[in-house]
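Chain naming here is simple, since letters A, B, ... match the order of the sequence lines and numbering starts at 1 in each. Predicted, not measured: the structure shown is a model, and the values here were computed from it.
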There are 2 protein chains.
Amino acid sequence: MTDRDDSVETIQQEMTAFARRARATAARMHPELSLVSYTLLAHLDDQQGCRATDLAAHYLLDKSTVSRQIAALEKLGFVERRVDPDDHRVQVLHPTEEGAQVLANVTASRRQAFHERLADWDEADLDRFAAYLVRYNAAQERLG
Amino acid sequence: MTDRDDSVETIQQEMTAFARRARATAARMHPELSLVSYTLLAHLDDQQGCRATDLAAHYLLDKSTVSRQIAALEKLGFVERRVDPDDHRVQVLHPTEEGAQVLANVTASRRQAFHERLADWDEADLDRFAAYLVRYNAAQERLG
DNA sequence: CAATCCACGTTGTACTATACAACTACTTCA
DNA sequence: TGAAGTAGTTGTATAGTACAACGTGGATTG
């Protein structure tokens, strides 16, 4: 086993451990908005509205999954649909005001949790860690 | 927004993106052993056997969840139970030979996938990234 | 322009992971 | 020895997910 292998092994283990915990942690912290709902709503907010198909492509989810997630968010009053006048098949999705508000709350609370976890990190480490994660995820997207 | 905030924001986004994808990716790569089954079986292998309660405590899962996961692994022939002679409530769980073999295969294949993703990283970066992940996860465990 | 094909979304169905509560069986301890 | 605690299972419910079948509405092409 080389040092390189050791590092890769650790990265694998830690990423796996994190992935296992993430949903449950998110659910405990934000019962009002699951991790998936949160990311979908955040994407709508970020993109100033988009189609269900775009969400499915972006998050590698089946369109039926997105359809149901959006239906749930709509039922909660967090998302509204606007039929595209140029193509009646298309529904452009937007956060409602209430949805934007809830999103902002959850975002703030998540941000605070991350700040707490990272409180004793110095800025150089934070910066490098952030860059590594970006690089890792980019590679994962590239390689599937 | 300070640089520090920017870094934390990026870390949050990237960890979230990773968490969202992890299960589906694992399931695609290893239909024979889900991420959860994999980690449970790996823990049994690593610990040379342990109790269901230990697994539940270690992975913050409900004992009923572990019970069902183990039942599934047993049905697949990957895990066997040995009743503790000193305490008839306790079942010590062990991977079977076949379970150990499947685990080894999945581990090898996961390891290879990680090596591919990280192929163009130099060793210093790998080492730092591994250390950051360990540090991050430790903080998360500490703070819930 | 009609027939065909394609894109968008919904619904039926099924499965996995999960939690909580109620239960059984066993152990420990006062 | 009886009460309390521990290990594990089972009943029930929920969330998230995929795949397949479908309906509807645009786009293309002979």
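Contact between the side-chain N/O atoms of A:Arg51 and the OP1/OP2 oxygens of C:dC8 is found at a separation under 4.0 Å. The side chain of A:Ser64 places no N or O atom within less than 4.0 Å of a non-bridging phosphate oxygen (OP1 or OP2) of C:dT11. Applying the 4.0 Å criterion to OP1 and OP2 of C:dC8, one finds that A:Gln91 has every side-chain N and O outside that range. Taking side-chain N and O atoms only, A:Ser67 has no distance below 4.0 Å to OP1 or OP2 of C:dG9. Proximity of B:Thr53 to the phosphate of D:dG8: a side-chain N or O atom is located under 4.0 Å from OP1 or OP2.
At whole-Å resolution of the value, CG in B:Leu40 and P in D:dG8 are 13 Å apart. Atom C1' of nucleotide C:dA7 and atom CG of A:Asp54 are separated by 12 Å, given to the nearest angstrom. Protein atom CD of A:Glu74 is 13 Å distant from nucleotide atom C1' of C:dG9, rounded to whole Å. Spacing between atom CZ of A:Arg23 and atom P of C:dA17 amounts to 12 Å, rounded to whole angstrom units. Distance, A:Leu61 CG to D:dA15 P: 17 Å, rounded to whole Å. Distance A:His58 NE2 to C:dC8 P: 17 Å, rounded to the nearest Å. A:Lys63 places its NZ atom 21 Å from the P atom of D:dG16, with the value rounded to the nearest Å. Computed from coordinates, the A:Asp62 CG to C:dT11 P distance equals 15 Å when rounded to whole Å.
Within the 4.0 angstrom heavy-atom criterion, no nucleotide atom of any strand lies near B:Leu93. B:Arg81 comes within 4.0 angstrom of sugar-phosphate atoms only, judged by non-hydrogen atoms across all strands, and of no base. A:Ile70 comes within 4.0 angstrom of nothing in the nucleic acid, heavy atoms only.
Neither A:Val134 nor A:Leu118 shares a network with the other; the hydrophobic side chains, linked directly or stepwise wherever heavy atoms of I, L, V, M, F, W or Y lie under 4.5 Å apart, form separate groups for each.
Taking the six-membered ring for Trp and thresholds of 30 and 60 degrees, B:Tyr136 and A:Phe18 have ring planes more than 60 degrees apart, a perpendicular arrangement.
Contact annotation: side chain of A:Arg68 to base of C:dT13, donor-acceptor pair present below 3.5 Å. For A:Arg89 and C:dA7, a side-chain-to-base donor-acceptor distance below 3.5 Å is present, hydrogens and geometry of angles not being considered.
A donor-acceptor pair is defined here as one N or O able to donate and one able to accept, closer than 3.5 Å; such a pair exists between the side chain of B:Thr16 and the backbone of B:Gln12. Checking side-chain atoms of B:Asp54 against main-chain N and O of B:Arg51 turns up a donor-acceptor pair under 3.5 Å.
Summarising the geometry of B:Asp5 relative to B:Thr2, their closest heavy-atom pair is N-OG1, 3.0 Å, with the distance given to 0.1 Å.
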